[in-house]
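Notes for the one structure printed next.
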Amino acid sequence: MSDQRPFIPMVSPQVDEPDAIAAQIADVLRSGRLSNGGPLVEGFERAIAAFLGVEEAVAVSNGAVAISLAIEAAAVRRGKAILPAFTFIATLNAAVHAGFEPVFCDIDPETWTLDPGHLRRLLAEHGATLVLPVNVFGVPPDLAAITREARGAGAAVIYDDAHGMGTETASREAEALLTATTYSLHATKVLVAAEGGVVVSPDREVRAAMRRLRNHGLAQPLSASVPGMNAKLDELRAALALSSLRRLPEALARRRTYLDRLRAALSRHPQVYRTQRVPPGVNPNGQNLGVGLIDAPIDDVIAAFARRGVEARRYFYPPLHALDCFPAGVALPNTDRLCAGQVCLPLHGRMSEETLDRVEAAIHGVAEELEARRPSARSSRPALLGAT
């Protein structure tokens with residue numbers, strides 16, 4: 001029998017104090033200053049730079065164009081770009097549309113982020129000029145190892161940190177070696193602008209180039225202009241971003257509480273679920289709750305959660321190397337094993353006690369159902385292995 005209560009989706013974009021934000025947006029509309037570097041965009045850039053602990057931040061129209069803008073601003077020499085196949089297609093789009101040939105790298109089987117060991121082998125084999133590591137569900141890759149390998153091979157590193165706003169790490173030394181870091185302010189992220197992005201770089205010249213390029217490449221004098229793009233953040237979304245940023249510390253605290261609670265529930269069933277490993281010194285932001293399934297058919301698991309009114313959704317699926325537009329046969333065993341049995345469960349910016357109780361109950365109920373069926377399931381179908 002299915003749960004008749006409201007369905008709990010995996011993601012649920014939420015905005016605090018919408019009436020106050022609506023009033024500010026109304027003021028923007030009355031002002032006649034809607035875009036082209038207005039005071040709210042400038043204020044947001046100062047505030048987000050302070051939050052991130054950087055000298056300067058460049059706000060752009062979305063997280064996908066942030067990657068493209070960073071590539072152009074850094075004038076990365078075209079060639080091959082190494083990126084994980086376990087990421088959203090925007091990472092791939094930025095590389096391909098910039099003229100790079102993508103090379104897919106495997107992931108660490110426990111953190112689910114780009115594997116520095118496989119990266120080393122790919123750099124030796126392909127001579128790539130660009131590496132695009134990705135934050136996965138709020139968990140960062142090993143940036144120290146990745147930048148060491150990339151710099152040794154002469155490759156730029158642009159970090160797709162779309163999932164990572166607010167994630168804390170014990171050491172930030174590797175950030176100084178990155179060409180740029182990009183963030184997403186999409187409605188599903190911890191910091192919301194509906195659509196928007198942020199780019200930071202330790203290189204002042206790269207930051208200056210990003211500012212020119214986001215505004216069509218215009219320069220002074222105009223004869224110095226170059227081909228650019230329209231990647232500006234407008235005042236309406238800047239108002240939403242500023243409001244979200246003011247409440248971000250509280251939102252992060254809530255998400256981390258929810259994440260810890262639900263991971264604890266999953267840990268009670270180690271024969272069914274495997275959680276993403278969080279490296280030492282990392283305090284994730286609670287962007288998403290990823291779950292690896294052990295010896296459990298993924299479609300059955302998704303259906304079992306749905307019967308309990310909870311969405312379990314495959315995420316970063318299919319892996320990019322499995323898209324029809326690429327030749328078959330790329331060997332990424334860790335990526336393939338994870339994607340055969342990985343889902344995300346609900347984790348929102350604000351969750352009631354009832355919602356948390358229901359997600360916890362579903363975690364336990366699905367595990368018990370799978371455990372009860374396991375002997376017959378093993379004899380009737382091949383096992384699917386999740387993250388190891």
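FYI, side chains are in, hydrogens and waters are out, and symmetry mates aren't considered; it's all heavy atoms of this structure. None of these values were measured; they are calculated from a predicted model.
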For the residue pair Leu266 and Arg274, establish whether any side-chain heavy-atom pair is separated by less than 4.5 Å.
no

Do Tyr273 and Arg268 have side chains that get closer than 4.5 Å, going by heavy atoms?
no

Heavy atoms of other groups near Glu205 CD, more than 12 under 6.0 Å:
no

Do you reckon Val200 sits in the same ILVMFWY cluster as Leu233, going by side-chain contacts under 4.5 Å, direct or chained?
yes

Where is the tightest heavy-atom contact between Pro133 and Leu114, given as atom of each residue plus distance?
CA-CD1, 4.2 Å

Taking side-chain contact (heavy atoms from CB on, under 4.5 Å) as the definition, give me every residue that meets it alongside Asn283, ordered by chain and number, with sequence neighbours left out.
Glu168, Arg256

Quick one: do Leu245 and Ile25 end up in the same hydrophobic cluster if we chain Ile, Leu, Val, Met, Phe, Trp and Tyr together by side-chain heavy atoms under 4.5 Å apart?
yes

Rounding to 0.5 Å, atoms CG (Leu289) and OG1 (Thr275) come to a distance of 8.5 Å

Contacts of Arg78 meeting salt bridge (charged side-chain N to carboxylate O under 4.0 Å, His left out) (sequence neighbours excluded), chain-then-number -> Glu72

If hydrophobic residues (ILVMFWY) are linked whenever their side-chain heavy atoms come closer than 4.5 Å, directly or via other members, who joins Val282 in its cluster?
Val139, Val278

If I compare all heavy atoms of Val157 with all of Ala150, which pair ends up nearest, and what's the gap?
CG2-CB, 3.3 Å

Using salt bridge (charged side-chain N to carboxylate O under 4.0 Å, His left out) as the criterion, list what pairs up with Asp108, not counting sequence neighbours.
none

For the atom pair CG (Leu370) and CG (Leu293), what is the distance rounded to the nearest 0.5 Å?
8.0 Å

So, Arg172 and Glu175, do they make that salt bridge, N to O below 4.0 Å?
yes

Mind checking the NE2-CZ spacing from His118 to Arg121? Nearest 0.5 Å is all I need.
5.0 Å

Sequence neighbours excluded, the answer for salt bridge (charged side-chain N to carboxylate O under 4.0 Å, His left out) partners of Arg255 is none

Any salt bridge linking Glu354 with Arg358? Criterion: basic side-chain nitrogen under 4.0 Å from a carboxylate oxygen.
no

Heavy atoms, side chains only, cut-off 4.5 Å: are Ser201 and Met210 in contact?
yes

Output yes when Glu45 and Arg211 qualify as a salt bridge under the 4.0 Å nitrogen-oxygen rule, no when they do not.
yes

His321 side chain to Asp336 side chain, donor-acceptor N/O pair below 3.5 angstrom:
yes

Just to verify, what does Arg207 make a salt bridge (charged side-chain N to carboxylate O under 4.0 Å, His left out) with, not counting sequence neighbours?
Glu55, Glu56

Just by distance, no angles: are the side chains of Thr335 and Asp106 close enough, under 3.5 Å, to form a donor-acceptor pair?
yes

Check Val136 against Gln276 and note the closest heavy-atom contact, atom names and distance.
O-NE2, 3.1 Å

Regarding Ser184 and His186, do their side chains bring together a donor and an acceptor under 3.5 Å, going by distance alone?
no

Are any side-chain N or O atoms of Asn230 and backbone N or O atoms of His216, one a donor and one an acceptor, separated by less than 3.5 Å?
no

Do Thr257 and Arg261 have side-chain atoms, one donor and one acceptor, less than 3.5 Å apart?
no

Listed partners of Phe326 passing ring-ring contact (aromatic ring centres under 6.0 Å, His included), at least two apart
Phe104

Sub-3.5 Å donor-acceptor pair from the side chain of Ser267 to the main-chain atoms of Ala264, do we have one?
yes

Closest heavy-atom pair, His364 versus Ala265, reported as atoms and distance to 0.1 Å, is CE1-O, 3.7 Å

Do Leu242 and Val190 belong to the same hydrophobic cluster, where Ile, Leu, Val, Met, Phe, Trp and Tyr are linked whenever their side-chain heavy atoms lie under 4.5 Å apart, directly or via other members?
yes

Say you draw a straight line from CG of Leu34 to CZ of Arg237; how long is it, rounded to the nearest 0.5 Å?
12.0 Å

Apply the hydrophobic cluster definition, ILVMFWY joined by side-chain contacts under 4.5 Å directly or through others, and give me every member besides Leu222.
Leu218

Tell me which pairs pass salt bridge (charged side-chain N to carboxylate O under 4.0 Å, His left out) where either residue lies in residues 277-293, with sequence neighbours left out.
Glu110-Arg277

Within a strict 4.5 Å, meaning less than it, do heavy atoms of the Val58 and Arg214 side chains meet?
yes

Any side-chain heavy atom of Pro141 sitting closer than 4.5 Å to one from Leu143?
yes

Taking every non-hydrogen atom, the tightest pair across Leu132 and Ala95
CD1-CB, 3.9 Å

Enumerate the side-chain hydrogen bond (donor to acceptor under 3.5 Å, both in side chains) contacts for residues 142-153, please, sequence neighbours excluded, ordered by first and then second residue.
Arg120-Glu149

Which of Arg313, Arg307, Arg314 passes salt bridge (Lys or Arg N to Asp or Glu O under 4.0 Å) with Glu311? Answer is Arg313

Side-chain heavy-atom pair Leu130, Arg77 within 4.5 angstrom cut-off
no

Verify the cluster assignment for Val291 and Tyr258: are they in a single hydrophobic cluster under the rule of side-chain heavy atoms below 4.5 Å apart?
yes

Identify each donor-acceptor pair in which a side-chain atom of residues 79-90 lies under 3.5 Å from a protein atom, sequence neighbours left out, and give them as a table.
unit_1: Lys80; atom_1: NZ; unit_2: His126; atom_2: ND1; d: 3.1
unit_1: Thr87; atom_1: OG1; unit_2: Thr91; atom_2: OG1; d: 2.9

side-chain contact (heavy atoms from CB on, under 4.5 Å) assessment of Thr129 paired with Phe100:
CA-CA 9 Å; Thr129 59; Phe100 289 86; 3.4 Å; yes

Is there a donor-acceptor contact under 3.5 Å from the side chain of Ser35 to the main chain of Asp234?
no

Strictly below 4.0 Å, N to O, side chains only: are Arg30 and Asp27 in salt-bridge contact?
yes

Can a salt bridge be assigned to the pair Arg33 and Glu235 using a cut-off of 4.0 Å between side-chain N and carboxylate O?
no

Hey, does Thr182 have a side-chain heavy atom less than 4.5 Å from the side chain of Val60?
no

Reported CG-to-SG distance for the pair Leu332 and Cys339, which is rounded to 0.5 angstrom:
9.5 Å

Using 0.5 Å steps for rounding, measure from the CD1 atom of Ile158 to the CD1 atom of Ile71.
5.0 Å

In short, Leu191 meets Ala241 closest at the heavy-atom pair CD1-O, 3.8 Å

Shared hydrophobic cluster, Leu252 / Tyr183 (ILVMFWY, side-chain heavy atoms < 4.5 Å):
yes

If we only count heavy atoms from C-beta on, is the Asp300 to Glu369 side-chain gap below 4.5 Å?
no

Would you find a donor on one side and an acceptor on the other, under 3.5 Å apart, between the side chain of Ser225 and the backbone of Ala219?
yes

State whether the number of non-hydrogen atoms from other residues, nucleotides or ligands found under 6.0 Å of Glu353 atom CD is greater than 12.
yes

Using atom types as modelled, flag every donor-acceptor pair under 3.5 Å from a side chain in residues 344-352 to any protein atom, sequence neighbours excluded.
unit_1: His348; atom_1: NE2; unit_2: Pro9; atom_2: O; d: 2.8
unit_1: Arg350; atom_1: NH2; unit_2: Asp16; atom_2: OD1; d: 3.3
unit_1: Arg350; atom_1: NH2; unit_2: Asp16; atom_2: OD2; d: 3.4
unit_1: Ser352; atom_1: OG; unit_2: Thr355; atom_2: N; d: 3.1
unit_1: Ser352; atom_1: OG; unit_2: Thr355; atom_2: OG1; d: 3.0

